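Below is one structure, written out as structure tokens; the observations come after it.
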Amino acid sequence: MWSFFILCLQVMIIVAWNGSGQPTALFNGDVFTKALSVFITAAVLKLGQAFLDVILSWKGRRSMSFHVKLRYILKVITAAGWVVILPITYAYSWKNPPAFAQTIKSWFGNGGHQPSLFILAVVIYLSPNMLAAVLFLFPFIRRFLERSNYKIVTFMMWWSQPRLYVGRGMHESTFSLFKYTMFWVLLIITKLAFSYYIEIKPLVGPTKAIMSVRVTNFQWHEFFPRAKNNIGVVIALWAPIILVYFMDTQIWYAIFSTIFGGIYGAFRRLGEIRTLGMLRSRFQSLPGAFNARLIPAEKSQPRKKGLKATLSRNFAQVEVNKEKEAARFAQLWNKIISSFREEDLINNREMNLLLVPYWADRDLGPLLSGLHFYLPARLIPIALDMAKDSNGKDKELKKRIEADNYMSCAVLECYASFRNIIKLLVQGEREKEVIDYIFSEVDKHIEAGDLMVEYKMSALPSLYDQFVKLIKHLLDNNKDERDQVVILFQDMLEVVTRDIMMEDHISSLVDSIHGTSGHEGMMPLDQPQQYQLFASSGAIRFPIQQVTEAWREKIKRLYLLLTTKESAMDVPSNLEARRRISFFSNSLFMDMPPAPKVRNMLSFSVLTPYYTEEVLFSLRDLEVPNEDGVSILFYLQKIYPDEWNNFLQRVNCTSEEELKGSDELEEELRLWASYRGQTLTRTVRGLMYYRKALELQSFLDMAQDDDLMEGYKAIELNSEDQSKEGRSLWAQCQAVADLKFTYVVSCQLYGIHKRSGDPRAQDILRLMTTYPSLRVAYIDEVEEPSKDSSKKMNQKVYYSTLVKAALPKSIDSSEPVQNLDQVIYRIKLPGPAILGEGKPENQNHAIIFTRGEGLQTMDMNQDNYMEEALKMRNLLQEFLEKHDGVRNPTILGLREHIFTGSVSSLAWFMSNQENSFVTIGQRLLANPLKVRFHYGHPDVFDRLFHLTRGGVSKASKVINLSEDIFAGFNSTLREGNVTHHEYIQVGKGRDVGLNQISMFEAKIANGNGEQTLSRDIYRLGHRFDFFRMMSCYFTTIGFYYSTLITVLTVYVFLYGRLYLVLSGLEEGLSTQRAIRDNKPLQVALASQSFVQIGFLMALPMLMEIGLEKGFRTALSEFILMQLQLAPVFFTFSLGTKTHYYGRTLLHGGAKYRSTGRGFVVFHAKFADNYRLYSRSHFVKGIELLILLVVYQIFGHTYRSAVAYILITASMWFMVFTWLFAPFLFNPSGFEWQKIVDDWTDWNKWISNRGGIGVPPEKSWESWWEEEQEHLRYSGKRGIAAEILLSLRFFIYQYGLVYHLNIAKHTKSVMVYGISWLVIVLILFVMKTVSVGRRKFSADFQLVFRLIKGLIFITFVSILVTLIVLPHMTLQDIIVCILAFMPTGWGMLLIAQACKPVVHRAGLWPSVRTLARGFEIVMGLLLFTPVAFLAWFPFVSEFQTRMLFNQAFSRGLQISRILGGQRKDRSSRNKE
């Protein structure tokens, strides 16, 4: 790939340099001949590649077979041969050979001009590439050749690939190949056109002009005064542009991936339902979608595919006679709504409004065709008013009611329920006849369409009031109220017969009653009470004897339907509940495999690695306030106010104090808080939804009609009675769920926690008791007596153990219930299990306890939802489909929702960045680019495939720091296939404070550095075709390499400018356009600043938010992010990535950094920030600051300020961001009292002595020693690179000393020598003082003070002399500081790199003292502006508002959080 870009660059420069500069000039004879020189460049690059292969494989030479060694040697020889052949034949292809061609001809004889010889050589040289191109076009041939074991084929393939099992036959189908090839062809054409017309071509003319000018007046000692063409200036001008040329492919990738990802997302129907309004507009087809997606089909129908199927995904409405489907839908839906209530996302009222009736009502059949789960509240009272005022206009009323779909449904449901309840309650024979007659009359008139004409509707409100009272009595179901119910029935009958129906109706009704009871003789109407209608003992069924759940729900729903006055359009009001309902409903219209029956689905396991994170918050954790007086509980109440109120309603409490009254309520409170943190309890609850979902789905699969209509809830509630009966339906459901799902939490230290009485062990045991099917795996360390009789000592033995909660022996047992665990399996290990990286090893030891065909690895910071768990069986069916027509998937990728975005503005940036990666980013990687790997923990592995190919986690120390992605590499190299599915999502927590985010990004950057050096990436790069290799590079390590080049561009630009300014070349050439108004350079630096401010992140983010929430929302969120200083955050994280990635490349030594997943509303001390960011940001920021200041001081005389600002604005932004962002994003970062405390703490830290056992947090010396740890393990190449990079600091000094007023008249090299003499003198004085302090300060204190005084007087007199005699100015003093400080730092870096040598010389204490001095100066530079700003109270207020704006918008008053609690505390203390 780099060869390709270098060759393109060469051709573009040749075309731009010669002739008109138009691309057509390439077909001009001379230009074309010059362009043919790219083949010579290609041969040289090939030779370099062959040498690199040998160098990088050198350490493994002993384990190589003879054939492999021979291949390496032959590759070097052939590459060297072509480097000789091609230039010779090229020299003979010229008619008028240029200078270099004449030189070659003079060596080999001046023969005639023979272009055909060169063409022949090129054809032979390119023949392997031509063959590769043919095989590229026909991937199935390539696949066959790579998999073949025929001798002739293996001999042919031997040259192109080593004989390895991995990396063979990875090629995709022809259609997939076409898609990603087109993507990259379009991208490369765009990139090259942009580079040529905007960067390269405009710079050629000015470069020629500069090369023609001769500069003789230098401002320093010029070592090459006779050098031609100003070659130094040309390099300084072109270097940043060349770097941007190599980096900007990443920018074009961001643009193209945004466009293509957006198109693919739209085709996958993302964001079709994103609001409640959109959901309501589809409520008719939703039950159909439910049944099509989540209910197994009776007969398997062929699955439609292709564009037409994607664009027209319609679902039939549930048919009238399909009551079973309606009941199934209702029960699935109600389970989801119940889970919302259990999670406190909705309150009781909202739950009742959202629940759907599913009882066996033949009368309700028609209603379920348009199941409206958004209960049409407020509509019945409106319909009633409309009927009352209709004045007998039947058609008009019907039209008005039917115009509103909701209203017609509500009226129909109310009437059907009314008829149902009345018929169910009335039991007396006479009464039944009356009731049946009335309803048959009404139905007759409804059908005839003359209900309004025949009946008087004005009395309807009176009937409505009485019916509502009846419903209240039914809800209470109190037998003492029987008489009131009888009176209600009589009143209702009276209203119907006398007020609504006309007189003749009444008489005919009475006649019919008398007719039926005629044999008993005529009875007058004013008969005794026992003979009145409804009054006799058996006439009415009240109270209801067996109240079923279905009946209770039906009555509740009817009551709500009749009485809710306010609109239910905003139900649910909780934003998270809305998001989940919308996403779930939307996903049902996406393309997913049909659901199989639970007994036929693939079985799967879930594995969660756990170390020592929070399991369950203790009451103390929740209530102890931090230094700002904020407790976790107070914080959560403010961030989730609606969920807190819903929780209080659920546990029937009114305040926090009430909760602390009983152990049970305290437990509920702990759980409520833990479900909102990143705790193991939250993860386990989420993942156990899988089991609940499977139980419900197996019930719906197996239930007979009666059971189905009675409902899952009834089966669940009667489970205890049924479990005694043996193989009940409930027991069968549980058994099937257990067969299909296993959940193992690998708690590495559970055994140790248990023995030490750690509360975490108790909490894990409580989880096992709550979820009996949960399994916990851990490593048990046991001391056993040695079997060797000669050794008396005990030896440590390690077991991999699986436990479950031990259930009591019998339910009726009188023994006290003990919460204990019970061992299921115990496997002896050969030694300690944790040899490599902790997390992958933790997974590897527990994977043996998982079962089934699928394995989902879920991290400890993840969550799952009930509604998503219902789609798991659909997802697992993906394993059985060939997605690209070549191979079945081996890893199914899932999308994630980041649930920590509401905590602070930083958490919001992080969640948006992560969200765009796990959606639009991975969607594109999977299709069309075909390079999605494994990036985290919701993915589902083909368990059998991976267990037989090295497991799901590589765990080698250091190299496999990012263990996730290596599972993806491994899968792809072994002919696996990784897909991505967006119809299912899981929750994920992310880091929420700047320090946590930085540590996480440092870990990822370290991991990418190690990947760059790994053989997996090397093999993928070699085995992929060119375009897929580009996809792989730019979506993994290329992103980090590009960020490194981005920062490098700034350095190269500034050092180039420094060279031009200090040497006097810029002033000498200031009339030239290339120096004065350099457009290509401005474009290159604009490209750099695009990357710097997070443009690469923002584009996909905008597109994804636009797709899923609407583009207006996306735009407003983007503007809000800018106002909350998102560019500052992204520029800062650029520094983090660059530092850790670059350091890992140079020295290796990546290490795991635990970030902690707490709630960050605490203030980080100045010393903490200094320790964390000193090397990655502060040092680099100060270096760039000095460069910019020097560039301004010495160039301002002949350059306009506007040009300077235009070119360096993004660099100044970077400098201030790197220096001050940690304080800007630090809660209470500008509070005066905190600043004072921080200063005291920092002083104490910097002056403390280090030593063995002193942690870095306590002493600067310990921290400083630890900071150089990476150099101890670095190789010779790393040390050499470190020293070479440190030499850059001496350039400052060389350039600056010639600009002193003193040295104005001489340009001798002696000036530089004298400057070094001054440095040595200063260091000598410092050393003298240091030795003097040690030797004399105790015994000869007066002498020591005299020596110090003499040194000071000498220094002052020298300074005065210099000012008076050679006229040294204040500027000279500043320039001296600017020159000597960086030199000192460079010397420090070199001393640290050569630590063993310096140690032996006995100079290490002096180096440490010098380093401490530098750190103090650096600390003061950073601390002063922060302390100054802290004087102004409005700065602190602005910072708080900016940091916590998200929380503000959700009703959170941070001023109360940061101050209010303290008052409460002080008042409590007084009491």
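Everything quoted here is computed from the prediction, not taken from an experiment. Every heavy atom of this structure was used, including side-chain atoms; hydrogens, water molecules and symmetry mates were not.
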So do L1184 and M1211 actually touch side chain to side chain, heavy atoms under 4.5 Å?
no
Can you list the residues that meet the side-chain contact (heavy atoms from CB on, under 4.5 Å) rule with I1377, with sequence neighbours excluded?
I1373, M1381
Qualifying residues under side-chain contact (heavy atoms from CB on, under 4.5 Å), relative to F1289, sequence neighbours excluded:
E1183, Y1292, P1382, W1385, L1389
Of W1263, W1260, W1264, the residue whose pairing with I1246 passes side-chain contact (heavy atoms from CB on, under 4.5 Å):
W1260
Check: R1143 main-chain N/O paired with Y1140 side-chain donor or acceptor under 3.5 Å
no
N915 meets the side-chain hydrogen bond (donor to acceptor under 3.5 Å, both in side chains) criterion, sequence neighbours left out, with none
Within 45° cone and under 6.0 Å: R676 NZ/CZ vs F617 ring:
no
Looking only at the side chains, is there a donor atom on one of T1240 and D1237 sitting less than 3.5 Å from an acceptor on the other?
no
Under the criterion side chain to side chain contact (heavy atoms under 4.5 Å, CB included), I'd like the reasoning laid out for D1238 against H1163: C-alpha separation, chi angles, the key distance, then a yes or no.
CA-CA 10 Å; D1238 283 1; H1163 170 82; 2.9 Å; yes
Tell me if a side-chain donor or acceptor on N861 pairs with a main-chain N or O of K988 at a distance below 3.5 Å.
no
Enumerate, atom names and distances included, each donor-acceptor pair closer than 3.5 Å involving a side-chain atom of residues 1413-1427, sequence neighbours excluded.
unit_1 : atom_1 : unit_2 : atom_2 : d
E1415  : OE1    : Y1170  : OH     : 2.3
E1415  : OE2    : R1175  : NH1    : 3.4
E1415  : OE2    : R1175  : NH2    : 2.5
T1424  : OG1    : L1420  : O      : 2.5

Distance only, no hydrogens: is a donor on one side chain within 3.5 Å (strictly under) of an acceptor on the other, for H1270 and T1144?
no
Under a 4.5 Å cut-off applied to non-hydrogen side-chain atoms, are F899 and R682 in contact?
yes
Looking at E1231 and G1229, would you say the former's side chain and the latter's main chain have a donor-acceptor pair under 3.5 Å?
no
To the nearest 0.5 Å, what is the distance between CE on M910 and OG on S905?
13.5 Å
For T1136, does its backbone N or O pair with a side-chain atom of S1133 as donor and acceptor, under 3.5 Å?
no
Are L1285 and L1146 packed together at the side-chain level, in the sense that at least one heavy-atom pair is separated by less than 4.5 angstrom?
yes
Test log, rule side chain to side chain contact (heavy atoms under 4.5 Å, CB included), inputs E614 and D621
CA-CA 10 Å; E614 288 287 353; D621 292 337; 3.9 Å; yes
Distance check, rounded to the nearest 0.5 Å: L1048 atom CG versus Y1051 atom OH?
9.0 Å
Separation of L1145 CG from E1010 CD (nearest 0.5 Å):
9.0 Å
Quick one: closest heavy-atom pair of L622 and L669, and the distance?
CD1-O, 4.3 Å
Would you kindly say whether Y1173 and N995 are connected by a side-chain donor-acceptor distance under 3.5 Å?
yes
Contacts of type side-chain contact (heavy atoms from CB on, under 4.5 Å), residue S911, not counting sequence neighbours:
I898, W908
Locate the shortest heavy-atom distance separating W1232 from A1430; write the atom from each residue and the value.
CE3-CB, 3.9 Å
Any luck finding a side-chain donor-acceptor pair between S1274 and H1147 under 3.5 Å?
yes
Set of salt bridge (charged side-chain N to carboxylate O under 4.0 Å, His left out) partners for D758, sequence neighbours left out:
R760
Test side-chain hydrogen bond (donor to acceptor under 3.5 Å, both in side chains) applied to S1406 - qualifying residues, sequence neighbours left out:
K1327
Cationic tip of R1171 above W1245 ring, under 6.0 Å, 45° of axis
yes
Quick check: closest heavy atoms across P1222 and L994, and the distance to 0.1 Å?
CA-CD2, 3.5 Å
Report the distance from atom CD1 of I1182 to atom NE2 of H1177, rounding to the nearest 0.5 Å.
13.0 Å
Residues two or more places apart in sequence or in another chain: which of them pass salt bridge (charged side-chain N to carboxylate O under 4.0 Å, His left out) with E1282?
none
Within 45° cone and under 6.0 Å: R990 NZ/CZ vs F1000 ring
yes
Say whether, by atom type as modelled, one donor and one acceptor occur between the side chain of T679 and the main chain of S674 under 3.5 angstrom.
yes
Please enumerate all residues that pass side-chain hydrogen bond (donor to acceptor under 3.5 Å, both in side chains) together with N1248, with sequence neighbours excluded.
none
Hey, is CZ on F1432 packed in by over 12 heavy atoms from elsewhere, all under 6.0 Å?
yes
I'd like to know if K839 and D859 make a salt bridge, using a cut-off of under 4.0 Å between side-chain N and carboxylate O.
yes
I need the minimum non-hydrogen distance between Q1122 and P1127, along with the two atoms involved.
OE1-CG, 3.2 Å
Step through it carefully: locate the ring centre of F1166, locate the ring centre of F1223, and say whether they are under 6.0 Å apart.
yes
Non-hydrogen side-chain atoms of F909 and E914 separated by less than 4.5 Å
no
Name all residues meeting the side-chain contact (heavy atoms from CB on, under 4.5 Å) criterion together with K1258; count only those two or more places apart in sequence or in a different chain, and write none if there are none.
V1254, P1255
Please list, chain by chain and in numerical order, all residues satisfying salt bridge (charged side-chain N to carboxylate O under 4.0 Å, His left out) with E837, sequence neighbours excluded.
none
Please find the pair of heavy atoms, one from W1212 and one from V1189, that lie closest to each other, and give the distance.
CH2-CG2, 4.1 Å
Backbone N/O of L1224 and side chain of Q1439: donor-acceptor pair under 3.5 Å:
yes
What closest approach, in Å, do F1129 and L906 show between heavy atoms, and which atom pair accounts for it?
CD1-CD2, 3.5 Å
Would you say the side chain of K1180 lies within less than 4.5 Å of the side chain of V1215, judging by non-hydrogen atoms?
no
Taking S1436 for its side chain and P1433 for its backbone only, find out whether a donor-acceptor pair lies under 3.5 Å.
no
What distance separates L616 CG from L680 CG, expressed to the nearest 0.5 Å?
9.5 Å
Please assess E1117 against N912 for the test side chain to side chain contact (heavy atoms under 4.5 Å, CB included), listing each intermediate value before the final yes or no.
CA-CA 10 Å; E1117 286 201 5; N912 274 339; 4.2 Å; yes
Donor-acceptor pair between Y1141 and T1043 side chains, under 3.5 angstrom:
no
Within the supplied structure, the quantity of interest is the number of heavy atoms (other residues, nucleotides, ligands) at a distance under 6.0 Å from E1269 CD; does it exceed 12?
yes
Sidechain N-carboxylate O distance under 4.0 Å for E1265, K1395
yes
Contacts of E1257 that satisfy side-chain hydrogen bond (donor to acceptor under 3.5 Å, both in side chains) - sequence neighbours left out
none
How far does CD of E613 sit from CD of Q678, to the nearest 0.5 angstrom?
10.0 Å
